[in-house]
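Worksheet: one structure, shown below.
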Amino acid sequence: MDRIRYQLSGDVAIVTIDHPPVNALSAGVRSGLAQAIAKAGDDPSVEAIVIAAEGKAFIAGADIAEFGKPALPPALPDVLNAIEASPKPVVAAIQGVALGGGLEVALACHGRVALPAARLGLPEIRLGLIPGAGGTQRLPRLIGPVRAFSLMLSGDPVPAERALDWGLVDAIASDDLLMSAHDLARSFAKGAVRPVTSARDELLTAEQQAAFEASAEDALRKSAGMPNVAALVEAVRNVFALPFEEGTAAERRLFLSLIADERSQALRHVFFAEREIARVPAMGPQMRPRPIATAAVIGAGTMGGGIAMCFANAGIPVTLIETAQAALDSGLNRIAAIYDMSVSRGSLTPESRQTRLALITPAIGLPAAATADVVIEAAFEEMSVKREIFGELDRVAKPGAILASNTSYLDVQTMATATRRPQDVLGMHFFSPANVMKLLEIVRPQGVADEAVATAVALGRRLGKLPVVVGNGFGFVGNRMLEQRTRAAERLLVAGAMPYEVDRALVDFGFKMGPFAMADLAGNDIGWRSRKARGLTAAVADAICEAGWFGQKTGRGYYRYPGGARTGQRCPEVEALIMRISAELGASRRAFSRAEILSRLLDPMVNEAARILDEGIAARPGDIDVVWIHGYNWPAWRGGPMFWADRVGLDIIAKRLEGQAAEVGEKALEPAPLLKRLAAEGRGFASLSAGPGAEAAPRKALEPMP
Ligand code: HSC
């Protein structure tokens with residue numbers, strides 16, 4: 001009972017869960033709760049029971065780290081049945097969040113009181129699951145199946161006020177939550193209590209059933225085959241067909257099958273990896289970030305404008321700096337147009353649009369950055385330009401200001417040497433569109449102060465981003481791996497595949513777009529310029545650019561976009577050009593299966609990731625997964641490239657890479673030392689991590705691999 005406190009307040013037993021950080025329902029909490037309920041039941045002086053919790057959350061749900069491990073008794077559904085069966089009324093006193101199993105605890109109680117700031121929800125769907133402790137059976141009986149289904153399907157928590165409207169809570173406590181819960185419990189003690197499971201015919205009408213079926217059909221259509229959506233539909237359907245006990249037994253079976261499903265395992269891995277990134281290696285947790293009250297962004301192009309919006313959206317005043325008025329005006333117009341679109345979609349109020357625009361101060365010339373606590377340069381991707389800016393910033397920026405570059409590839413340390421304050425210089429690499437994408441690579445060159453890195457991380461969180469601290473090497477983590485995929489895609493064209501086949505393989509895997517559709521969207525000239533600057537060539541990609549086919553903006557690239565279409569059509573001219581180049585290079589073209597295309601695209605990325613880990617550019621495999629999920633649209637239910645590689649098996653990937661390296665004669669394709677070592681030892685990348693998400697992944701490909 002060490003995670004549970006038991007006190008008497010008159011004739012009410014107060015059972016308080018105290019299990020930091022979020023009172024997750026781990027085995028100790030479950031058994032403590034069961035014992036406390038039994039103790040109160042046995043005590044003749046107790047008339048009613050309140051379940052309360054210490055800290056910022058009521059209960060954040062089941063302990064996700066326990067999933068996939070041998071189950072420890074008592075099972076949560078059994079504890080909840082005991083709470084519900086208590087002859088003495090039980091009231092939940094909810095502060096902070098009541099999520100997943102936490103809300104299910106509250107649903108098993110006979111009454112619920114919440115603080116006004118409380119939020120209640122069943123987010124299991126985001127972990128590839130459904131509620132497994134009676135939530136799918138109790139919630140529809142309490143608030144109606146249609147509302148219950150939509151709450152469980154979205155996973156979004158609802159505020160206390162709405163919960164009161166829906167009858168999910170009985171009362172909102174004005175200030176003293178315990179006192180309100182205590183009073184409600186005592187009032188119940190005087191009369192008969194009605195458990196949530198008692199039949200509520202008024203909610204389970206034919207009309208509700210028809211409305212639920214309509215939402216269910218819609219959800220199944222949009223679910224892209226996710227098994228938890230089908231399971232949720234089945235569970236809620238059971239509410240109409242089965243008595244509570246049978247419904248919960250079915251729910252438990254569905255839950256347990258989902259726990260074992262690879263998609264849920266992947267999503268749980270991502271949950272912990274997203275939290276692990278907050279633990280920046282080689283930095284004390286006590287490192288205090290510098291205060292950031294104002295910002296400046298240099299460059300009002302697409303990236304600079306998007307970054308300025310991030311500050312405005314977070315309520316931080318930002319100066320947007322350009323060298324010429326015309327560039328500044330067009331940048332500001334672009335920002336205003338994006339906000340206008342949000343207003344017209346209803347996701348932003350006209351007042352908020354005004355407030356945000358008012359936080360952006362346009363200015364000409366770097367001296368306007370003089371008072372900013374953080375300056376982010378988003379100028380042209382050219383070292384000489386960057387160094388000139390940093391040299392000037394060194395003269396004008398205030399002491400202690402963070403000086404950051406939004407470079408996608410370049411050496412941040414070389415930029416830092418243009419200043420006399422390398423301790424304040426780092427990279428803050430946003431992803432396009434910067435106001436939307438959650439990933440932020442914080443590049444940590446040698447010589448930067450830990451305090452500056454901690455400041456950038458804290459700032460990233462304030463901007464609503466997921467900041468991943470990475471080392472200072474060409475392309476950092478994401479773009480360095482992307483380059484391998486781009487090269488692999490070009491190799492596939494020369495060897496026999498067509499752009500649409502390559503793209504289809506990645507879309508089928510779960511990406512929103514394949515590499516060629518992506519290149520057409522971003523502009524093929526960007527990669528061309530970068531290759532030329534580095535003395536690199538890519539026969540097909542270069543020929544496409546030499547023909548002036550830069551992508552959507554020119555109406556054609558790897559595909560045709562007639563009349564400004566957003567989706568490309570196959571282009572016979574491009575396909576003829578590819579055949580010609582293959583012939584010129586002496587390649588004997590052959591057909592590639594989708595699975596082989598996939599492995600040829602992804603294996604080289606995994607190989608590069610192994611080098612990235614070996615060099616310490618990424619601290620943990622999970623960091624790489626977070627980068628690819630939030631910066632490059634890797635489907636979260638595939639867990640990221642490191643998780644995927646473990647599933648396929650590193651020995652299989654190493655062997656495939658050896659085959660490719662021999663076939664193509666490319667050294668970069670030879671298995672990296674770390675990959676080879678792990679493969680030889682029969683280990684996966686997960687074995688390099690110590691976090692809760694590092695459970696050894698059973699090896700099994702999600703689809704047959706060659
Ligand atoms: C569930 O409840 C299933 C049930 O329906 C049934 C199960 C029974 C079935 C039995 C069948 C036989 N577990 O996010 P933060 C840790 S599924 C373990 O940084 P914030 C987190 O890792 C669950 N750990 O803080 C981190 O640890 P670190 C449904 C959890 O203030 C620390 O807490 N519930 C945990 O930004 C702080 O987290 C959810 O999906 C958990 N459930 O946000 C809720 N929750 O410091 C998931 C958190 O060591 N949690 N941790 O890195 C959240 O959404 C957010 O964490 C909060 C706090 C909003 C709670």
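As the structure lists them, so they are numbered: ligands from 1, and atoms in each ligand from 1. Heavy-atom basis, side chains included; hydrogens, waters and symmetry copies ignored. Owing to the predicted nature of the structure, the values given are computational and were not obtained by experimental measurement.
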Does Pro123 reach ligand 1, in the sense of a heavy atom lying below 4.0 Å from it?
-> yes
Only heavy atoms count here, so choose which of Pro21, Gly102, Ala65 is nearest to atom 33 (O) of ligand 1.
-> Pro21
Against heavy atoms of Lys56, which atoms of ligand 1 measure under 4.0 Å?
-> 20 (P), 25 (O), 31 (O)
Polar proximity ligand 1 side, Gly132 side, N/O cut 3.5 Å exclusive = yes
Looking only at N/O atoms, are Arg275 and ligand 1 under 3.5 Å apart anywhere?
-> yes
Row check, Phe271 ring normal vs Arg275 NZ/CZ: under 6.0 Å, within 45° = yes
Do any nitrogen or oxygen atoms of Leu99 come within less than 3.5 Å of a nitrogen or oxygen of ligand 1?
-> no
Atoms of ligand 1, numbered as shown, that sit under 4.0 Å from any heavy atom of Pro131 | 5 (O)
Would Arg268 and Ser264 count as having a side-chain donor-acceptor pair, cut-off 3.5 Å?
-> yes
Can Lys39 be said to sit on top of Tyr6's aromatic six-ring, NZ or CZ under 6.0 Å from centre and within 45° of the ring axis?
-> yes
Under 4.0 Å between heavy atoms, the region of Arg279 that gets near ligand 1 turns out to be side chain
Find all atoms of ligand 1 within a distance of less than 4.0 Å from any non-hydrogen atom belonging to Gly61, and give their numbers and elements.
-> 2 (O)
Output yes when the distance from some N or O of ligand 1 to some N or O of Ile64 is under 3.5 Å, and no in every other case.
-> yes
Atoms of ligand 1 under 4.0 Å from any heavy atom of Val22, numbered from 1 in the order shown, are 30 (C), 33 (O), 35 (C), 45 (N), 48 (C), 51 (N)
For Arg237 and Gln209, test the side chains for any donor-to-acceptor distance below 3.5 angstrom and give the result as yes or no.
-> no
For atom 12 (C) of ligand 1, the option (of Arg252, Glu251, Arg268) bearing the nearest heavy atom = Arg252
Verify the ring-centre separation between Tyr632 and Phe431: is it less than 6.0 angstrom?
-> yes
Answer with yes or no after comparing the ring centroid distance for His269 and Phe643 against a 6.0 Å cut-off, counting only values under it.
-> yes
Short version for Glu104: what comes under 4.0 Å of ligand 1, heavy atoms counted, is side chain
Region of Ala60 that comes within reach of ligand 1 [heavy atoms, distance under 4.0 Å] | both
For ligand 1, the portion of Leu127 having any non-hydrogen atom under 4.0 Å away | side chain
Can you name the closest pair of heavy atoms from Ala108 and Leu80 and give their distance?
-> CB-O, 3.6 Å
Is there a nitrogen or oxygen of Ala75 sitting under 3.5 Å from a nitrogen or oxygen of ligand 1?
-> no
Atoms in ligand 1 flagged as close to Phe271, the criterion being non-hydrogen separation under 4.0 Å | 22 (O), 45 (N), 47 (C), 48 (C), 50 (N)
CD1-CG distance between Ile4 and Leu33, expressed to the nearest 0.5 angstrom = 5.0 Å
Do you know which two heavy atoms are closest between Glu104 and Gly132, and how far apart they sit?
-> OE2-N, 3.4 Å
Mark up the atoms of ligand 1 that fall under 4.0 Å of a heavy atom belonging to Gly100, in ascending order.
-> 2 (O), 29 (C)
Verdict with supporting geometry, Thr248 and Arg138, side-chain contact (heavy atoms from CB on, under 4.5 Å) | CA-CA 9 Å; Thr248 43; Arg138 287 194 177 94; 5.6 Å; no
When rounded to the nearest 0.5 angstrom, what distance separates CZ in Arg638 from CH2 in Trp628?
-> 15.0 Å
